[in-house]
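To keep things clear, I will list the structure first and then write my remarks on it.
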Amino acid sequence: SGAFCSSRLILFSLSTDYYYEYTECDSAGSRWRVAIPHNLGTCSALPTPTRGTDCSFSCAAGEFLEMSTQQCTPCAAGSYSLGSGVRFDQWDTIPAGFTSLATYMDPGPSGEESQACNSSSWTPQGVYLESSRDECTVSLVYAVHLEKQGSVSFSYQYPDNNIFLEFYVQNEQCQEMAQTDDQKWIKLTTNGEWDTHTVNLKSGTNILYWRTTGVLVGGKMVKPVLLRNIQIEGVAYTSECFPCRPGWFSSAPGSSSCQPCPRNTSRYQLKYLLSLSLSLFPSDEGWSQCKERPPCSEKDYFQIHTACDSEGKTQVMYRWVEPRICEENVTGAVALPPTGEREACPPCNPGYYNTNDSTCFPCPPGTHSDGTSVCEECPAGTEPVLGYEYKWWNVLPSNMKTSCFNVGNSKCDDMNGWEVAGDHIRSGAGGSDNDYLILNLHVPGFKLPTSLAGMTGSEFGRITFVFETICSADCELYFMMDVNRKSTTVVESWEGSKERQSYTHIMTRNASVSYTWAFQRTNQAQDVRRYISDVVILYSVSVTNVQDGVASACRACALLSQSSQRSGSCIPCPAGFYIDRDTNRCQECPPNTYLSGHHTYGEDACLPCGPGSKSNKEHSRCYSDCSFSHTENNRTLTFDLSSLSTVASLTIGPSFTSKGTKYLHVFNVSLCGHQGKMAAVCTDNVTDIANKDMGSDSTQFVNSVDSFICQSTIIPADGRGFRMALASQSISLADTFVGATVDSDLDGINARPELFSDNSKSIPDINFFYRSTQATGSCQRGRSAVMTIRCNPEKTDRGQLTVPSACPAGTCDGCTFHFLWESGSACPRCTQDDYHQIEGACKGGAQETLSVWNEPKLCIKGMSLPAKSSAPCEAIALWLKAGVGGGAFLAVLLVSLTCYFWKKNKRLEYKYSRLVMSANKDCELPVADSCALAEGEEPEDDVVYSHKPSLLGKLRAIANKVSPWSCDLLDSNKVQNVH
């Protein structure tokens, strides 16, 4: 890949007709020097071939091989030579032999390569080379043939771990040379700092690769990698010296390098000497010529506040940006504004007092001041509150310093990056728009006050600052910290204009730390200042619990008992104890409460734990023991979630950036932790490799995240040609457990149950709420997370983690993350309400009772099903006996009624029979009075038959009877008489 220089170097003599060239080296390591005409056939009588120097021969640094004599000759002044090496330190264009290759290792849907990277490349920027800023894989390739073992070294800036930078070497068969991780993966640098990387090379052909790949997952512009001063040792020789580039010089012969011209001097051609006049201004360091002075404008001066004088007065002054390159006595130029009126100086900062000469000094130990009065001792039973609180900016505090830095020039090295302005401090003018304007605050360490010394919490101190950015371009403010002077890392950054706001960062360990604010108006290199009005304003900075800090107030502390000889002295309360307001004695916090971390005075310092949580022994945190209870409709549900207590992982994706880079989001989840200690860990593995030479403490602090829920962005190994998956952008989503409840709201966090499918079971969902106390630029209250636990008997004990389908990244607003964990072990413990009994038939005087679970079974563990039981019973049940008895009674009653009504019917039948028999043979009916009862006549006795006819006979007799109404000859008058 890429062209590489041949080992045969073309070397010119002083003659214009021919030049000398060495032949290829033979197996014995020898060669010949031959003369070759520039144009074939144009000259004759060329020098005869001469045996050349040995193939391994080389000149010393500062010398070159004079081919006519084959002797090493010192370089003339104004030029340099590395002897057996080459150096590339001028990047106006990409030098010959270098190739920039943009590739995209994620193929398209049909296997084709993406064309989105055709415009991506390494870009020359004069004194350095800048990498691509996108997610394309861009390689800078250079091939060189070494006659002996050598090395390659280069200076670089690598401030952003959202770009992956690797350097590796291949041989002429494109096989990668064996390299350690330290050699291949480049170590990160601090913003604005250059580092050097060196790798040994073998003899023969070496193809060098500098390869970068950006990860633009969050849509945020990454900071590019910068290269300069690439030097390769081990080439055979050099036949000429290289002239110093414009703006650089070498004053003595035999130089191996060039130096930049001092400020206000210039190295240029003779024709420029004749053109210099008063209208031109001297060049900056390393400049090659003088330039014309432009008219002065508002961008060429800045405002400052003078220090307080002996009368306590200050005033606004204006100064030209130095070095002043503008002309104020020309048409269109603006003049420097006049000095403002004298006004009263602002008061001293809290913890300082004012002397007679209007100078502020820190209060002595044990005293305090609000900045407007003298220092006073803290009363008995109190102690000073140590820290830094800066809100007045008449002078820069002694523990703060400011500077200006530019990666491409040194124009602003002597400038102040920030300027004090009374009630705020603001970014300075700088020399170029892409300068880094730096403000640094050093904190020697942290010391908890006596009243907090016994606490076991993780907070040692916190820094809070109020700021505002006003920008018209792509400005960016970085807030960084350097712990124990091992590694500077970016804590948070803000792009563009931001309204006045506060930011707080908590220190979780006691260490020396330097906080840095770095402001850059634009990351594009420009020779002119266009955005001088883009500024950052810092209104106040406060740091708590600072070792050897100053005190602005006093706080109550716990006292020894009056019987003690040191009665009245402050003592630390044991862990989990607060200071009673009435007695100033230590009292233990009530159960299931925790201390707020930086406040122990009064019982109200013991804050109640959230629902579903309890405090540890030290009352330093509240945690869940993976058990939960809920009462509903007079039924108590008890959950045992211990099966979900170990760390679980959820991988989301793949997703793709605008140019198609494949990436995954991996979440590590620790539902309960270990008594509140966070167990989920996310690590940036590439950063670990790059920083493996750093101390383990620093590496853990910088690159590892401990949390209840943390997230990492993973670039798969198969997607970008890396030999392993790359993890970056590890963040904590949940470092504080808030509580667990079946409600959807807790402490301002909403679970948003509508994001997931409805729970079809009768068991309610349990919502675990978490919060991350670390605020970010977009999440002022920090991030939060909700883990919804759902009973699902169809899932395994470990269950399944999912995120909302409407928010595939796990969050809909970037601040609150939602997860659903369905598990069979998320069902409540079984109780007697979860089963019913079935009774068997009575067999052989015994009856069995069987218990079975309700369907579907929505419980685990807890109560077991009762064993099958047997009880004595009778063959005929009581109800059956009662039924038989009742039936018999009804049968007797029915028979009796039947007999009674049968007798009544017989009586009527008899009377009717007599009426029929008394009729004449021609069917005439008797007169009506012949069969009627006279008044007062008693009915006759029952008919007595001489012999009882059979039932069959009775039926036959009735059938043979003729109805009187059926006779055709019946006289109608007689019928009426009968009636």
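This structure is a prediction, so every number in the text was calculated from the model and none was measured.
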(request) Test side-chain hydrogen bond (donor to acceptor under 3.5 Å, both in side chains) on T137 and T213 and set out the steps. (result) CA-CA 5 Å; T137 298; T213 302; 3.0 Å; yes
(request) Heavy atoms only: give me the nearest W91-I230 pair and the separation to one decimal. (result) CH2-CD1, 3.7 Å
(message) Which residues pass the side-chain contact (heavy atoms from CB on, under 4.5 Å) test with S497, not counting sequence neighbours?
(response) C471
(message) Donor-acceptor pair, distance only, cut-off 3.5 Å: does the side chain of S255 make one with the backbone of G62?
(response) no
(message) I'd like to know if the side chain of N206 reaches the main chain of G204, judged simply by a donor and an acceptor atom lying under 3.5 Å from each other, with no hydrogens or angles considered.
(response) yes
(request) Could you tell me whether F88 and F98 have their ring centroids closer than 6.0 angstrom? (result) yes
(request) Go through S257 and R87 one step at a time and tell me if the side chain to side chain contact (heavy atoms under 4.5 Å, CB included) criterion holds. (result) CA-CA 9 Å; S257 62; R87 176 187 294 161; 3.1 Å; yes
(request) For the residue pair L437 and F405, establish whether any side-chain heavy-atom pair is separated by less than 4.5 Å. (result) no
(request) Would you please indicate if the ring centroids of W494 and F467 are separated by under 6.0 Å? (result) yes
(message) Regarding Q90 and D92, do their side chains bring together a donor and an acceptor under 3.5 Å, going by distance alone?
(response) yes
(request) Mind listing the closest non-hydrogen atom pair of S250 and C258 along with its distance? (result) CB-SG, 4.4 Å
(message) Using a strict threshold of under 4.0 Å (side-chain N to carboxylate O), is an ion pair present between R133 and E130?
(response) yes
(message) If you define the side chain from C-beta out and look only at heavy atoms, does anything of C475 sit under 4.5 Å from F519?
(response) yes
(message) Donor-acceptor check, side chain of R521 to backbone of Y531, threshold 3.5 angstrom: yes or no?
(response) yes
(request) Heavy atoms only: give me the nearest V138-S100 pair and the separation to one decimal. (result) CG1-OG, 3.7 Å
(request) Taking atom types as modelled, find out whether S730 and S712 have a side-chain donor-acceptor pair closer than 3.5 angstrom. (result) yes
(request) Taking the side chain as every heavy atom from C-beta outward, state whether Q157 and V225 have any atom pair closer than 4.5 Å. (result) no
(message) Can you see whether E476 engages Y478 through a side-chain donor-acceptor pair at a distance of less than 3.5 angstrom?
(response) yes
(message) Testing the basics here: between I163 and S131, what is the closest heavy-atom pair and its distance to 0.1 Å?
(response) CD1-OG, 4.1 Å
(request) Dump the intermediate steps for side-chain hydrogen bond (donor to acceptor under 3.5 Å, both in side chains) on D474 and T522, then the final yes or no. (result) CA-CA 5 Å; D474 56 336; T522 178; 2.8 Å; yes
(request) Go through the side-chain N and O atoms of T402 and N416 and say whether any donor and acceptor fall under 3.5 Å apart. (result) no
(message) Between S81 (side chain only) and S256 (backbone N and O only), is there a donor and an acceptor less than 3.5 Å apart?
(response) no
(message) How long is the straight-line distance from CG of D534 back to CD of Q520, given to the nearest 0.5 Å?
(response) 12.0 Å
(request) Answer whether the closest heavy-atom distance between the side chains of L146 and I232 falls below 4.5 Å. (result) yes
(message) Between Y156 and K187 (side chain of the first, backbone of the second, donor and acceptor by atom type, cut-off under 3.5 Å), is there such a pair?
(response) yes
(message) Can you tell me how far apart OG1 (T713) and CD (Q711) are? Round to the nearest 0.5 Å.
(response) 5.5 Å
(message) Using 30° and 60° as the class boundaries, would you call the ring planes of W517 and F479 parallel, tilted or perpendicular?
(response) tilted
(request) Rounded to the nearest 0.5 Å, what's the gap from CD1 on I532 to OG on S472? Could you check? (result) 11.0 Å
(request) Could you tell me whether the side chains of T516 and N440 share a donor-acceptor contact shorter than 3.5 Å? (result) yes
(request) Compute both the distance and the angle, then confirm whether R228 meets the cation-pi test with W194: under 6.0 Å from the six-membered ring centre, within 45 degrees of the axis. (result) yes
(message) Quick check on the 6.0 Å ring-centre criterion: do F167 and F154 meet it?
(response) yes
